[in-house]
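Inspection log for the structure reproduced underneath, given as structure tokens.
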Amino acid sequence: MQKFAIAMSLCQVTEGALPFAFNDPKRVIPAVTIGSGVAHGLILTWGVTVPVLHGGIFSVPLASNPMLWIAAWLIGAMVTAVIVSVTKPARPVETVHEDEELKDDFDIEIG
């Protein structure tokens, strides 16, 4: 799922982030909002203009300064990643043993 979300975000399709936001909205939504705000604030501060309203990486060639646009996008993504990494609790990795996979109360009726 994460690979699809990355590909979708590169194309500026935000629906790829929805499963992550639905699973933990109190931490993911503010992180994404702050990271996006930082990226857009940098673009405005640096005076980068893009004549299209949508397009993700497809709009980079149309930007007045493509390198600054990419830098702002990467900085915003890193801000989002750091906030999510810091605020989300670490989940222990659960291991399933073979003898725990099937339970004794498993009942099958054929008939």
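For residues 58-78, the set of pairs meeting the side-chain hydrogen bond (donor to acceptor under 3.5 Å, both in side chains) definition, not counting sequence neighbours, comprises Thr49-Ser64. For residues 30-41, no pair satisfies side-chain hydrogen bond (donor to acceptor under 3.5 Å, both in side chains), with sequence neighbours left out.
Closest approach of Ala72 to Ala39, counting heavy atoms only: O-CB, 3.3 Å. Minimum interatomic distance between Gly35 and Thr80 (heavy atoms only, all atoms of both residues): CA-OG1, 3.2 Å.
For the side-chain contact (heavy atoms from CB on, under 4.5 Å) test, residues two or more places apart in sequence or in another chain that qualify with Leu74 are Ile70.
Cluster annotation: Val52 is connected to Val48 through the hydrophobic network of ILVMFWY side chains, with a link wherever side-chain heavy atoms come within less than 4.5 Å. In this structure, Val50 is a member of the same hydrophobic cluster as Ile57, with clusters built from ILVMFWY side-chain heavy atoms closer than 4.5 Å. Under a hydrophobic clustering in which Ile, Leu, Val, Met, Phe, Trp and Tyr are joined whenever their side-chain heavy atoms come within less than 4.5 Å, directly or via other members, Ile29 and Val38 fall into different clusters. In terms of hydrophobic clustering, with Ile, Leu, Val, Met, Phe, Trp and Tyr side chains grouped at heavy-atom distances under 4.5 Å, Ile75 and Val60 are assigned to a common cluster. In this structure, Val84 is not a member of the same hydrophobic cluster as Phe20, with clusters built from ILVMFWY side-chain heavy atoms closer than 4.5 Å.
Note that CD1 of Ile43 and CG of Leu68 are 9.0 Å apart. Values are rounded to the nearest 0.5 Å. Taking OG from Ser85 and CE from Met78, the interatomic distance works out to 8.5 Å, rounded to the nearest 0.5 Å.
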List the steps and the verdict of side chain to side chain contact (heavy atoms under 4.5 Å, CB included) for Ile34 and Val79.
CA-CA 8 Å; Ile34 293 167; Val79 167; 4.1 Å; yes

